[in-house]
Amino acid sequence: MTMAKVYSKALRQTIEVDRFIGKIRSTSEGPSVIFIGGIHGNEPAGVLALDRLISFVQNNKISLKGNLYALAGSLWALEHGERYHKQDLNRLWTKDRLLQIQKGEIAIEDKDTIEQIELYKCIKNIITQDEGPFYFIDLHTTSCETSPFIVMNDSLLNRRFTGLYPLPSILGIEEYLEGPVLSYINELGYVAFGFEAGQHDDKSSVDNHFAFCMLSMQFTGLIEKGEIDFEEYYNILSKNSISAQNFFEILYRYKIEPSEDFKMLPGYVNFQRIKKGEKLALSNSKSVIAETSSRIFMPLYQAKGSEGFFAIKRVSLFALKLSAVLRNMGFERLLRYLPGVSYEKQATLKVNRRIARFFTKQFFHLLGYRSIRLNEDYYLMSNREAASRTKEYEEESWFN
């Protein structure tokens, strides 16, 4: 059995884990809650917190109404303290690649592919053997200083659940990242979101992860509220949070090209306000300027990574309520009648940007669509709401 030694600079502690940091199955009916820590090897805080969580549940003989799983993402990367080997494990969960894994046709090019195959099998086995409902939570930390926050695909299913935490949520990350594990799980129709606990080597990140996991077990119904000191863990997160229970949307991303020498200017922290025209970073010694007044999100202060930073803005309560009403009405079914809009396949639109120029991306966002830019003329837009409403797609599931 493959094991990895995981070292935490924050705690000055080393633990040894395998793919299952722990699993506790109950004879009582209830949800299956799956935590994933260390999908990036330079983010050990989630793994340390999950190890503590499993021990806490077992030592305190906490009664579960369902099943608890704690998975380690990349054992190789965790052992070496690196984000990944050759490929980012959190960018590999595309449909084509998963079909190759199913058929046994995937080329083993690096350690990251081996890690993905093993993690895929674990997720598949859990979904196959358990009844559900399923909750998948991916634990992360950031290279920059930050207060904790949630990141998620924008579906009402995710919104309703993440709104329980005293934390800000970032919508629409899937529009800018190809192949994250959470998008893959969301498209299976399950609640799936990420939690960013703080900076990689900050002790509070481990504490935030632990508190978040404790609340998650209660929110999912895996444990009764009286089993834990709910107020203590709620307060740990709320006191460290900014813009609690607000939702933010990504305006744009600065993508780093493979040959680019990118360096953030020092001192930027998550959610910090920036002004249009402000100098944020250097690209091959040339200035990178803020395109609009907004807040900076996840500025890159590490050697590996392809996203230099994001810019975000707060979503108004009116827009959130309007989008919920329109989605519950099934308003998106009328989109096919708009000029320049056609259906490519179920829940996917092809939008001619020249003909449908009066309909902005924000309009489609309201209805649960997120876009991939095909070329100068077309967007391909997928509806994240559709998968969370129905299980009919399971006949074509990536697990079949």
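Everything numeric here is computed off the predicted structure, so don't read it as measured data. Start at 1 with the first residue, then count along the sequence.
- Side-chain contact between His209 and Leu48: absent, with no pair of heavy atoms (C-beta onward) separated by less than 4.5 Å.
- Counting only heavy atoms from C-beta outward, the side chains of Lys279 and Val288 never approach each other to under 4.5 Å.
- The backbone N or O of Tyr176 sits less than 3.5 Å from a side-chain atom of Arg253, completing a donor-acceptor pair.
- In this structure, a donor-acceptor pair under 3.5 Å is absent between the side chains of Asn158 and Asn153.
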Problem set entry | Worked verdict on Glu79 versus Leu75 for side-chain contact (heavy atoms from CB on, under 4.5 Å) | CA-CA 6 Å; Glu79 177 87 36; Leu75 295 177; over 6 Å; no
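- With Asn60 contributing its side chain and Ile62 its backbone, the two residues share no donor-acceptor pair below 3.5 Å.
- Using cut-offs of 30° and 60° on the angle between ring planes, the pair Tyr165 and Phe212 is parallel.
- The closest side-chain donor-acceptor pair between Arg83 and Ser143, if any, does not fall under 3.5 angstrom.
- Between the side chains of Glu260 and Asn284, no donor N or O sits under 3.5 Å from an acceptor N or O.
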For this session: Take Cys144 and Ile296 through the test side-chain contact (heavy atoms from CB on, under 4.5 Å) and record every step on the way to the result.
Result: CA-CA 11 Å; Cys144 65; Ile296 199 165; over 6 Å; no
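- When each of Lys121, Lys86, Arg19 is tested with Glu115 by the rule salt bridge (Lys or Arg N to Asp or Glu O under 4.0 Å), just one qualifies, namely Arg19.
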For this session: Apply the test ring pair (Phe, Tyr, Trp, His ring centres under 6.0 Å) to residues Phe297 and Phe149: give CA-CA distance (whole Å), side-chain angles for both, the deciding distance (0.1 Å), then the verdict.
Result: CA-CA 11 Å; Phe297 177 60; Phe149 62 93; 5.1 Å; yes
Problem set entry | Step-by-step salt bridge (Lys or Arg N to Asp or Glu O under 4.0 Å) determination, Lys65 to Glu224 | CA-CA 8 Å; Lys65 293 186 175 181; Glu224 297 288 349; 2.7 Å; yes
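- Remark: the Arg159 side chain and the Ser323 side chain contain an N/O donor-acceptor pair separated by less than 3.5 Å.
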For this session: Evaluate side-chain contact (heavy atoms from CB on, under 4.5 Å) for Val47 paired with Ile21, printing each intermediate quantity in order.
Result: CA-CA 8 Å; Val47 175; Ile21 301 168; 4.0 Å; yes
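- Remark: Ile250 CD1 to Glu307 CD distance equals 9.5 Å, nearest 0.5 Å.
- Counting only distance, with no hydrogens or angles, the side chain of Ser287 and the backbone of Ile289 share no donor-acceptor pair below 3.5 Å.
- Two residues are said to be in side-chain contact when any heavy atoms from C-beta on lie closer than 4.5 Å; Leu237 and Leu167 meet this criterion.
- Note that CD of Gln116 is 5.0 Å distant from CG of Leu92, once rounded to the nearest 0.5 Å.
- Between Phe271 and Ile312, the closest side-chain pair of non-hydrogen atoms falls below 4.5 Å.
- Taking a 6.0 Å sphere around CD of Glu131, one finds it holds 12 or fewer heavy atoms contributed by other residues, nucleotides or ligands.
- Taken from CZ in Phe136 to CD1 in Ile36, the straight-line distance is 7.0 Å, to the nearest 0.5 Å.
- Heavy atoms only, all atoms of each residue included: Ile236 and Ala211 are closest at CG2-CB, 3.9 Å.
- Both tests pass for Lys23 against the ring of Phe20: distance under 6.0 Å to the centre and angle within 45° of the axis.
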Exercise. Does the ring pair (Phe, Tyr, Trp, His ring centres under 6.0 Å) test come out yes or no for Phe210 and Phe56, once each step is laid out?
Worked result: CA-CA 10 Å; Phe210 183 76; Phe56 182 90; 5.7 Å; yes
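- Looking only at side-chain heavy atoms (C-beta outward), Ile274 and Thr292 stay at 4.5 Å or farther from each other.
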Problem set entry | ring pair (Phe, Tyr, Trp, His ring centres under 6.0 Å) between Phe309 and Tyr268, worked out | CA-CA 10 Å; Phe309 62 87; Tyr268 284 103; 8.4 Å; no
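- Phe161 and Phe219 have perpendicular rings, their planes meeting at more than 60° on a 0 to 90° scale where under 30° would count as parallel.
- With hydrogens and angles ignored, the 3.5 Å screen pairs no side-chain donor or acceptor of Ser205 with any backbone N or O of Asp201.
- Put simply, Tyr135 and Leu164 are part of the same group of oily side chains (I, L, V, M, F, W, Y) that touch within less than 4.5 Å, one to the next.
- Judged by distance alone, with hydrogens and angles left aside, the side-chain atoms of Thr146 form no donor-acceptor pair with the main-chain N or O of Pro148 at under 3.5 Å.
- The number of heavy-atom neighbours closer than 6.0 Å to CD of Glu29, taken from other residues, nucleotides and ligands shown, is 12 or below.
- Taken together through direct or relayed side-chain contacts under 4.5 Å among Ile, Leu, Val, Met, Phe, Trp and Tyr, Ile15 and Trp76 form parts of separate hydrophobic clusters.
- Between the side chains of Ser204 and Asp207, not a single donor N or O lies within less than 3.5 Å of an accepting N or O.
- At least one donor-acceptor pair under 3.5 Å links the side chain of Ser316 to the backbone N or O of Ala319.
- Counting all heavy atoms, side chain and backbone alike, Gln87 lies closest to Asp110 at NE2-OD2, 2.8 Å.
- Of all the heavy atoms in Glu291 and Tyr252, the pair that sits closest is N-OH, 2.9 Å.
- The closest side-chain donor-acceptor pair between Tyr69 and Asp130 falls under 3.5 angstrom.
- Without hydrogens or angle criteria, Gln100 side chain to Glu105 main chain gives no donor-acceptor distance under 3.5 Å.
- No donor-acceptor distance shorter than 3.5 angstrom exists from the side chain of Ser183 to the backbone of Gly179, with no hydrogens or angles considered.
- What you find for Phe193 and Ile150 is that their closest heavy atoms are CD1-CG2, 3.8 Å.
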For this session: In sequence, state the C-alpha distance, the side-chain angles, and the governing distance for Leu50 and Cys213, and then conclude on side-chain contact (heavy atoms from CB on, under 4.5 Å).
Result: CA-CA 8 Å; Leu50 289 176; Cys213 291; 3.9 Å; yes
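- Contact record, Leu222 with Gly66: CD1-C, 3.5 Å, taken as the closest heavy-atom pair.
- A 6.0 Å sphere centred on CD of Glu249 holds more than 12 heavy atoms belonging to other residues, nucleotides or ligands.
- Remark: Phe35 CZ to Leu71 CG distance equals 11.0 Å, nearest 0.5 Å.
- Between the side chains of His140 and Glu43, a donor-acceptor pair is found at a separation under 3.5 Å.
- When every heavy atom of Ser63 is checked against every heavy atom of Ile223, the shortest pair comes out as O-CG2, 3.8 Å.
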For this session: Could you walk me through whether Asp154 and Arg327 pass salt bridge (Lys or Arg N to Asp or Glu O under 4.0 Å), step by step?
Result: CA-CA 12 Å; Asp154 184 14; Arg327 295 183 199 189; 2.9 Å; yes
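- Distance alone, capped at 3.5 Å, is enough to place a donor-acceptor pair between the Ser293 side chain and the Lys276 backbone.
- For the 3.5 Å distance criterion, the side chains of Gln302 and Asn42 qualify, holding a donor opposite an acceptor.
- By the rule that hydrophobic residues join a cluster once side-chain heavy atoms approach within less than 4.5 Å of another member, Phe262 and Leu282 end up as members of one cluster.
- In this structure, Phe247 CZ and Leu317 CG are separated by 10.0 Å, a value rounded to the nearest 0.5 Å.
- A distance of 12.0 Å separates OG in Ser241 from CG in Asn235, rounded to the nearest 0.5 Å.
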For this session: Could you give me the CA-CA distance, side-chain angles and deciding distance for His40 and Tyr84, then say whether ring pair (Phe, Tyr, Trp, His ring centres under 6.0 Å) is met?
Result: CA-CA 6 Å; His40 293 137; Tyr84 52 82; 7.2 Å; no
